[in-house]
Peer 1: 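Got a structure for you, questions after.
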Amino acid sequence: MKILTVAGARPNFIKIAPLHRAFNACGDFVSRTVHTGQHSDFSMSGIFFRQLGLPGPDHFLGIGAGTQTEQIAKIMLAFERTIKKEKPDLIVVVGDVNSSFACALVAAKLHIPIAHVEAGLRCGDRKMPEEINRILIDAMADVHFATESAAVGNLLNENIDLDRIHLVGNVMIDSLLYYMPDIERITLLQTLGITQPYLLLTMHRPQNVDSKPALEKLLDLINALASTRLVIFPVHPRTLNNINHFNLLTAFNNIKNLRLLVPAGYFEFVHLTKNAVLVLTDSGGVQEETTFLRIPCITLRKETERPVTVLEGTNHLAGDYSVKKVVALIDGILSKPLKDTRIPSGWDGNTATRITAILREKYINS
Ligand code: UDP
């Protein structure tokens, strides 16, 4: 049975690595990968293939940047050609990026079964590009692999049959555990000469970085945070483009106690996370990694599609944040002993193996 697994953007590479390994380890599957090229520069793509030991993709579609519609349309056209060449028996898509949605739509039209890894996550905000992708992918998928129980509830509310839904855990945590020995060897902090406590910041969602007022608010926040602690900020290319576009780079560069970095490699970023006092983010994956690593996290968004990270983990939602509110939240979190948190069920490093067993049972043994 031939499985074609799709990746396009940074978080996807981290999710497909354990899947590709588990599919290959199971003698019944031939595993092929497609990289759409939604992210294609070295810091957002190449370094992940290298660090994760992923063989170069079997198909690279070279899509690049564009509006969402351009990206989706280009991916669909290119992926249809790939499918015709590869003739896969199953398509696996992960997460919620445009590549996952576009490829799932092509597969659905060609009547190829789709498995969605990280199914059922919902934040309730359809203006968030990923939310529409999530809903539509799940409407088309034949098998849904969920990371947390809230996702199962969301899928049932959308009339997905229970026998298609599997609560299997989190492939991101498979990667975190598998590569931990490599992460432990990273010495970036030493190289950067950083010995003092620091806050780690990542920011790339459109609502936080696409307008001048949003970036000015971020600037104010960093100014306030950096008055008491070092802030380390590996800057996503989208964020950097907008900082440049709105002529704010000098203002960011002038903040003392702020270390702006290029996007970090995966090993380097987890090393920075593990050693941080607290992480501020709008990333999905980072909310999960901080929960697993038991590092306090503040999510600078109004809602999260990953509620288990707040209910059981270390995540705190800042809502429609103000500088004052975030500073008070940090002081509150750090002035008390860390809250007693749990690692969500199934976030144990074996999710890709469970997914493989379920697919085998469904498509080969039955
Ligand atoms: N990450 C990374 N380098 C960075 C920032 C994040 O390797 O500079 C990793 C992080 O550890 C996590 C993933 O990228 O595994 C999250 O991706 P991103 O925030 O781009 O996407 P999201 O999870 O929000 O979809």
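Everything numeric in this text was worked out from a predicted model, so none of it was measured. As the structure lists them, so they are numbered: ligands from 1, and atoms in each ligand from 1.
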Peer 1: Verify the ring-centre separation between F13 and H39: is it less than 6.0 angstrom?
Peer 2: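 Here the rings of F13 and H39 have centres that are no less than 6.0 Å from each other.
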Peer 1: Does this structure show an ion pair linking R122 with E305, if we count only N-O contacts that are shorter than 4.0 Å?
Peer 2: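 No.
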Peer 1: Below 30° counts as parallel, above 60° as perpendicular, anything between as tilted: where do the rings of Y266 and F48 land?
Peer 2: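 Answer is tilted, since the angle falls between 30° and 60°.
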Peer 1: Select all protein residues for which some heavy-atom-to-ligand 1 distance is less than 4.0 Å, and list them by chain and number.
Peer 2: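 Shell around ligand 1 (4.0 Å, heavy atoms): R10, P11, I14, F48, M172, H204, R205, P234, P263, A264, G265, Y266, F269, S283, G284, G285, E289.
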Peer 1: Is it the case that K2 places NZ or CZ above or below the six-membered ring of F29, under 6.0 angstrom from the centre and within 45 degrees of the axis?
Peer 2: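 No; the conditions do not both hold, so K2 does not lie above the ring face of F29.
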Peer 1: Side chains of T147 and E118: do they bring a donor and an acceptor to under 3.5 Å?
Peer 2: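 Short answer, no.
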Peer 1: Between R134 and D96, does any NZ, NE, NH1 or NH2 come within less than 4.0 Å of an OD or OE carboxylate oxygen?
Peer 2: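 Looking at D96 and R134, the cut-off is met.
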